[in-house]
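What follows is a short report on a single structure.
When a ligand or atom number is given, it counts from 1 through the structure's own listing order. Start at 1 with the first residue, then count along the sequence.
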Amino acid sequence: MTDPQIVLTERVQQALANAFGSEYADADPLIRPSQFADFQANVAMSLAKRLRRAPREVAETLKAALSDFPGTVEVSGPGFLNITLDDSWIASEAAEMLADARTGVGTAAPSQTVVIDYSAPNAAKEMHVGHLRTTIVGDSLARVHEHLGNHVVRQNHLGDWGTPFGMLIEHLLDIGEEAAIAQLEAGMGTEYYQAARAKFDSDETFKLRSRVRVTTLQSGDPETMRLWHVFMDATIRYFDKVYGLLGVTLTDADIAGESIYNPMLEKTCDDLQAAGVAVLSEGALCVFPPGFTGSDDKPLPLIIRKSDGGYGYATTDMAAVRYRVDDLKADRVLYVVGADQALHFRMVFAAARLAGWLPDTVSAEHVQIGMMLGKDGRRFKTRSGDSIKLMELLQEAVDRADALLDERGYDDATRAEIARAVGMGAVKYADLSVSHDSEYVFDFDRMLAFTGNTAPYLQYAQARIRSIFRKGDFDPATATGPITLGHPAERALALQVLGFGAVVEQVAALSEPHRLAAFLYATATTFTAFVENCPVIKEGVDAETRASRLALCALTLRVLHTGLDLLGVPVPDRM
Ligand code: ARG
């Protein structure tokens, strides 16, 4: 582990135990970046009360206990420990990281099975912008866990089942399979749904046909199932187009839609009832997990079978928990789903714990996705109030990127490829660079800017490093140093990249890709300061300095490249 903050935490903890007794070995030394040194430890202040000693005195004692330390320590102010690491330590840690094929990223031990439920658009409707965000965040988490050596099982919990499918299948018969397929493949699911719905509301015979069709679908009638497949396959082809353009790692093999749980729902209810976890209440079968009450203080039900005998969203999710734990052998289940479903998931998890389907050894986590807003601060929609078509939105991002590159003088031959990388990178990075549960404003101008915390800035930074190697005719793979730190900008860059492994592990532990985004942005700005101050291939730079700087460039390139890959942001060779 090369992350300075973690190394320092361990060292100071050791010193705490040596100075004040082993009961202090686990105390948090409160290591923070400092304005006056590399880091500061604030623990003396918080310990002073407990030890009934003056904070400065505690700090001095701690300082004395920090022997054999790879840096200098000073006591300042009321009792801060200001820590400055030795250049030689930073340089040797950086060299070690460069020699490490995993660039300082550890491997999960033991490896866990992480089930990630993400994307999950609904077949009967257009895949909307909210699903874009769960797709992008979920995909990044999948990439990070896989990189750490965890076994990732992607689960695309498509909305592909339920009563609307009676009406959707009947509409398919009315307009003909070919026309239906063409519409659905083109992403016109919303229009298709609305047309079916309008008939359902106005035409009694259509309504009746739809109701009958739901029953034949439930009973597995072969011809109805065939029609359902025609509908679903066309819909999935549209989703796949969106995934393809985005460069998302989901494949058809990851589809585990609501329909797969249909055969399990009856048993799900029966088992819960037999175990006494679910009870009948006004004809409906409900679980009342303790601690959930409505506004009237009455216990809140999780309805798993409606009074008309129908199953719902919660039934499917109860079956899904069991499947993920028993069959997929999950250690962790991440639900990357809109924040507005928080109560649903809290109740499902609580009910599953009650039933013993979710043992304490398995963690179920709702990774809440915040709403995407338009520039007007309201839910993101087109001016006419319709929700925005994803493919059109993504295409617009690519077109705008292309126009920007054109303005910047890129020639036609190279532009198309880069525009795609920049456009998709910008849309994805905008999602990933803010915390996943915050609402944020979808704004093309901001996400496509070449300065600031954006994809184009990071993509450009890594391309700039590649161009240094190209221009000097050097190969990043053979840039092995040795690293010597002379200029402060070299030192700052080396210190910065050392944090890479720790931040990747944090993203996995906390399900927060924005921490990696912030780290990469800080790396890119630190690199920019470095190249502005420290010429690499310019004539007159002596061989030793050049070798060291090339090594720092290579290390930074690997950090940026790997990091952007983990976010799912494309990494163009040239820009
Ligand atoms: N299809 C749902 C929606 O669009 C999301 C499904 C999330 N996953 C789950 N297991 N409920 O809101």
Next item on the list: Quick one: list whatever passes side-chain contact (heavy atoms from CB on, under 4.5 Å) with E417, sequence neighbours left out.
Entry: none
Checklist line | With W161, the ring pair (Phe, Tyr, Trp, His ring centres under 6.0 Å) member among Y311, Y261, Y313, W228 | finding: W228
Next item on the list: Measure from the side-chain N and O atoms of S281 to the backbone N and O of A284, and report whether any donor-acceptor pair falls under 3.5 Å.
Entry: no
Margin query: Donor-acceptor pair, distance only, cut-off 3.5 Å: does the side chain of Q462 make one with the backbone of Q459?
Written below: yes
Item checked: Residues lining ligand 1 [heavy-atom distance under 4.0 Å, listed by chain and residue number] -> D117, A120, N122, H131, H157, Y313, D317, Y335, V337, Q341, F345
Checklist line | Parallel, tilted or perpendicular: ring planes of F349 versus F345, cut at 30 and 60 degrees | finding: tilted
Note to self: Tell me whether the rings of F231 and F165 are parallel (<30°), tilted (30 to 60°) or perpendicular (>60°).
What the structure shows: perpendicular
